[in-house]
Amino acid sequence: MNERGPSVEDLLPLPAATFYILMALAEGDRHGYGIIQDVAASTDGALKLSAGTLYRSIQRMLEQGLIVETRDRPAPELDDERRRYYRITPFGTAAARAEGRRLTDLVRLARASGFAPGKA
Amino acid sequence: MGLYRALLHLFPTSFRLEYGDEMAAIFAARRRDAGGPLSHALLWTEALADIAVSALRAHADLLRQDLAFTARTLRRSPGFALAAITVAALGIGATTAAFSITDHILFRPLPFAQPDRLVRLWQDQSGYGHSELSAANYRDWKRMSRSFEEMGAFGGQAYNLAGGGEPERVEGQWMTVEVFHLLGVPPALGRVFGPEDGAPGAPAALVLGYGLWQSRFGGEVGVLGRQVLVDGAPHVVIGVMPPTFHFPNRDAKVWLSKTFVDADYADRTDNYIYGIARLKKDVSLGQARAEMRLVAADLERMFPDDNAQTSATVDRLRDGLSPEARLLPLALLGAAGCVLLIACTNLTNLLLARAMVRRKELAVRASLGAGRERLVRQLLTESLLLAVAGGGLGVLMAAAAVPVLARLVPQSLPIAQAPAPDLRILAFALALTAVTGIAFGVFPALRACSQAGVSGLQEGSRAGVGGRRERTRAALVVAEVTASVVLLVCCGLLLRALGRVQLVDPGMSADGVLTLRTALPQPRYANTAVRAQFYARVLSEVRALPGVSGAAYASGLPMVMRGGIWGVVAAGEAPAPGTQPPASARFVTPGFFATMGIPLRSGRDLRDSDTREAPFVAVVSESLAQRHWPGQDPIGRRFRFGPAAERTVVGVVGDVRVRGLERKSEPQVYLSHQQVADGSIIGYTPKDLAIRASGDPLTLLPAVREIVRRADPQQPVSDVRLLADIVDGETAPRLVQVRVLAGFAAAALLLAAVGLHGLLSFTVASRTQEIGVRIALGARSADILDAVLREALQMAALGLVLGLGLAYATGRGLQALLAGVGPGDIPTFLVAAGLCALMTVAGSLLPAVRAVRVDPVAVMRTE
């Protein structure tokens with residue numbers, strides 16, 4: 001679909017759900033429910049992605065080339081054949097890094113204005 | 001779990017197939033992890049909200065993608081986009097315009113408070129049908145009936161308005177004080193009539209229409225309380241109505257309060273009152289009718305002579321239209337529907353052809369994993385986008401067309417001339433657009449997609465030729481031809497009817513006659529001799545103007561005043577009361593027949609010496625003489641007619657179409673304007689001046705106005721018209737009808753030709769190789785032409801036969817509008833068939849030429 005494909009800058013700022021999914025996938029391939037659990041755990045249960053939000057995000061991220069569906073499966077006893085696994089692509093990593101930089105810069109500015117804790 | 005899976009169907013199919021299992025698995029896992037019933041409930045609530053929101057967003061995602069894709073593809077083929085949008089706009093525009101007019105005339109609630117409870121009351125006299133009420137019957141109906149919250153009476157009249165500016169003649173209505181209240185429309189300024197205006201000794205009051213307030217009083221608020229002279233009597237302006245208020249028709253510009261006095265109730269057979277009432281909340285129209293019949297029956301027993309065979313009837317105010325007037329907007333809607341149908345079939349054909357061309361693209365997308373549902377969705381988005389663009393353009397076209405079509409709105413309705421654009425119309429256009437988009441999109445989309453996977457990728461395949469596919473497209477073209485033939489025939493029938501009406505002899509020679517009105521006010525001109533003085537002075541001065549060959553006054557001009565019907569009792573006849581044969585009564589000055597070009601068959605014209613001192617005389621029309629004295633000389637015969645003793649026939653003139661070109665008129669009786677008792681038959685005092693002149697009679701107007709001003713400075717001149725225009729006015733509504741329908745028929749014919757052209761072009765293009773081979777093998781041009789044209793002719797012939805059959809049926813339905821032209825009028829059908837043949841030739845010419853010019857060598861090379 002995307003002959004030329006978007007550049008990283010076109011995608012920024014990333015939607016929050018997208019960024020969380022990329023962060024969850026940074027640690028390794030995950031299936032959908034795994035991503036939801038990961039995100040919930042890393043935010044102490046503050047963010048519970050709904051199934052609809054998750055798969056709409058996944059659909060768009062697949063189209064944008066941020067992630068791919070992977071054929072590598074874990075050991076059969078751990079696998080449920082219905083489950084699909086997703087892996088972050090180098091483009092996805094680059095996008096997540098760019099978003100991270102963007103947020104860092106933003107926090108630095110916020111500190112300078114006294115809107116965020118910590119030293120400027 | 002089953003419920004959750006069922007809910008997943010809210011997502012787009014492609015999304016559900018891709019992720020439905022995963023989502024169901026996650027939901028199952030969460031359910032396992034959930035504890036008690038409370039967390040189960042919470043889980044379900046979350047899941048429901050999630051599905052609702054996400055499904056909507058997923059649809060929106062797809063729509064955005066499809067729209068972007070569609071915009072790209074349409075930009076690549078602007079010709080196709082433009083053609084499709086124009087065709088859609090034509091169909092949607094025509095239908096929207098027709099609907100807004102039909103809705104305005106037939107369906108929209110009248111602009112009064114709770115209009116469905118407003119009714120009109122009529123006397124129902126056997127032999128005469130609906131007639132106005134007499135004041136005495138109105139009073140008794142009001143007193144004896146229980147079905148109505150309120151009942152009022154009104155009547156139309158033109159008034160001389162003076163005081164502040166030029167004297168002016170305006171159409172108005174008198175009404176009892178109940179009428180404004182029961183209509184329930186608040187005034188824009190001041191107040192409407194209330195009980196205080198009906199009290200004895202109350203000052204005469206009037207309410208201005210918005211237009212008159214603007215034109216005569218400059219829209220001044222200070223007009224309230226001002227005194228105005230109406231027919232010489234002082235009236236106080238108490239209110240101004242809003243611009244949207246029309247009652248009982250668009251002509252009325254001023255309303256005067258009226259209170260009946262005892263003298264009004266004296267004659268129970270003098271029917272001149274219109275009754276209006278508001279039904280009580282719990283009373284149905286049927287109950288009111290039943291009650292009024294009983295009331296009328298009681299009155300008939302009490303007044304067996306005056307109320308012989310007089311019943312009462314109640315109609316909704318909304319339904320006061322003649323069957324012809326109701327038929328017209330429906331016919332208009334039908335014609336527009338035909339155009340829309342043709343537009344849709346055309347678009348379907350366009351899209352089908354396009355889908356064939358795009359087969360490879362679709363096949364590629366299908367093979368890349370786009371599901372059938374995605375492709376259908378994509379194609380539907382395309383057709384909907386085209387329809388929306390067409391719909392937008394169509395609404396603009398409709399907005400431009402409505403003022404033209406508004407001339408079809410009858411003057412007699414209490415509504416504005418043109419419908420105000422409102423949400424209903426926009427909703428209608430929107431629904432039409434959606435239906436159109438789906439109707440012309442869904443079939444090609446399904447078609448294209450079912451084939452996309454199969455043969456699209458086979459190289460060199462001869463797309464779209466032969467078999468079922470072509471038959472479908474051919475059937476669509478046949479449908480187009482059928483619909484356009486129906487429109488053509490209907491248009492032709494109306495045209496024939498117009499021609500027939502125009503050929504009707506009005507009974508007078510209308511060219512070169514100027515008419516105008518000087519309605520002499522009462523009581524100043526109650527005395528017959530005073531009026532005669534005015535007429536004599538004006539007529540002698542007008543006759544002295546250069547170029548004038550005749551001038552005369554009459555109490556009513558043919559086709560302008562249609563009523564004024566009295567019973568005739570010839571000497572020696574003794575008809576029962578209520579069965580006297582009717583004739584229309586006109587009081588005229590000498591010279592009327594010569595001025596109007598009405599031929600004098602025998603005897604003499606009226607004379608200045610026919611005064612009240614002389615014997616009472618009359619000039620009658622031929623049909624009256626024939627009716628009462630067949631085969632005998634009518635001159636010298638005596639008859640009773642109206643409020644006088646016997647009159648003697650002194651002359652016979654030709655019959656005139658008093659009631660208009662399309663209706664049978666009663667015979668006419670002309671009486672001397674001088675043989676009238678002072679102050680009697682006020683409605684019949686001569687007021688219309690006719691002047692026959694050589695050259696353009698309108699150039700006389702300033703001189704005539706000056707003559708009238710010299711005779712009576714307060715006397716307004718109104719209704720200046722050429723007699724020829726009055727006669728032409730008889731056919732004006734028909735002319736509008738024919739033009740409108742001709743517009744629709746032309747659009748339909750054009751669209752059908754385009755459709756035929758498109759289909760044949762496509763056939764020829766996809767058969768190029770076959771044709772090339774045949775030419776190479778020695779086929780002559782005639783053979784090739786034959787192959788291509790045979791198809792066109794077959795489709796046209798089939799469409800023609802179907803269309804003519806359908807047109808005959810439609811013509812029967814339209815008979816009320818046809819002025820006696822038969823629905824199977826041969827010339828009309830022949831012309832329609834000829835035009836259809838012409839359309840076929842025009843539509844197939846280019847493709848045929850292209851087929852003959854196929855270069856066999858070039859074709860072989862590409863193979």
Side-chain angles (χ1 to χ4, degrees), chain A residues 1-6 10-11 14-18 20-21 24-25 29-41 43 45-71 73-74 78-87, chain B residues 1 4-5 7-34 39 42-66 68-69 72 361 364-365 368-371 374-375 378:
Chain A
M1 291 273 161
N2 300 299
E3 295 94 345
R4 282 162 292 145
D10 292 340
L11 298 179
L14 290 181
T18 303
Y20 278 114
I21 294 168
L25 291 179
D29 299 354
R30 292 275 187 284
H31 56 68
Y33 195 39
I35 296 174
I36 292 178
Q37 286 171 321
D38 244 34
V39 171
T43 59
L47 180 65
K48 270 194 247 165
L49 286 178
S50 72
T53 309
L54 176 75
Y55 283 106
R56 271 189 59 241
S57 300
I58 284 180
Q59 187 185 37
R60 197 173 51 242
M61 291 164 77
L62 283 168
E63 281 165 14
Q64 291 169 334
L66 295 175
I67 56 172
V68 287
E69 210 182 315
T70 168
R71 283 160 212 268
R73 295 274 160 163
L78 295 174
D79 188 25
D80 176 339
E81 65 163 339
R82 265 187 315 209
R83 289 185 173 167
R84 300 161 125 180
Y85 284 77
Y86 301 98
R87 174 179 293 167
Chain B
M1 209 57 225
Y4 189 83
R5 282 196 169 277
L7 284 173
L8 286 176
H9 279 87
L10 291 174
F11 282 93
T13 314
S14 53
F15 189 92
R16 179 170 50 84
L17 292 180
E18 194 73 18
Y19 301 110
D21 287 343
E22 299 271 311
M23 290 177 69
I26 288 176
F27 183 72
R30 279 195 164 158
R31 225 164 49 140
R32 266 199 313 277
D33 298 346
S39 47
L42 197 67
L43 181 68
W44 269 107
T45 319
E46 277 178 11
L48 286 178
D50 175 45
I51 288 180
V53 171
S54 302
L56 214 60
R57 291 202 173 139
H59 280 288
D61 287 346
L62 280 187
L63 186 64
R64 248 196 315 278
Q65 280 177 19
D66 288 345
F69 184 77
R72 271 203 305 279
E361 173 209 325
V364 169
R365 294 185 61 196
L368 287 180
R374 284 291 295 117
L375 289 184
Q378 163 66 51

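Quick note on labels: first sequence line is chain A, next is B, and so on, each numbered from 1. These numbers were taken from a predicted model, which means no experiment stands behind them. Reckoned from all heavy atoms, side chains included, excluding hydrogens, waters and symmetry mates.
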Residue pair B/Tyr19 / A/Arg84, side-chain heavy-atom distance below 4.5 Å: yes
Worked check of side-chain contact (heavy atoms from CB on, under 4.5 Å) between B/Glu22 and A/Tyr33: CA-CA 8 Å; B/Glu22 299 271 311; A/Tyr33 195 39; over 6 Å; no
Under 4.5 Å from a heavy atom of chain B, the part of A/Ile35 involved: neither
B/Asp50 side chain vs A/Ser50 backbone, donor-acceptor pair below 3.5 Å: no
Approximate separation, where rounding is to 0.5 Å, of B/Asp33 CG and A/Gln37 CD: 7.0 Å
4.5 Å side-chain heavy-atom contact, B/Arg30 and A/Ile36: yes
Partners passing salt bridge (Lys or Arg N to Asp or Glu O under 4.0 Å) against B/Arg64 (at least two apart in sequence or in another chain): B/Asp61
Validation row: A/Thr53, B/Val53 side chains within 4.5 angstrom (heavy atoms): no
Beyond-backbone contact of B/Glu18 with A/Tyr55, side-chain heavy atoms, under 4.5 angstrom: no
Nearest non-hydrogen partners of A/Gln59 and B/Phe15, listed with the distance: OE1-CD1, 3.4 Å
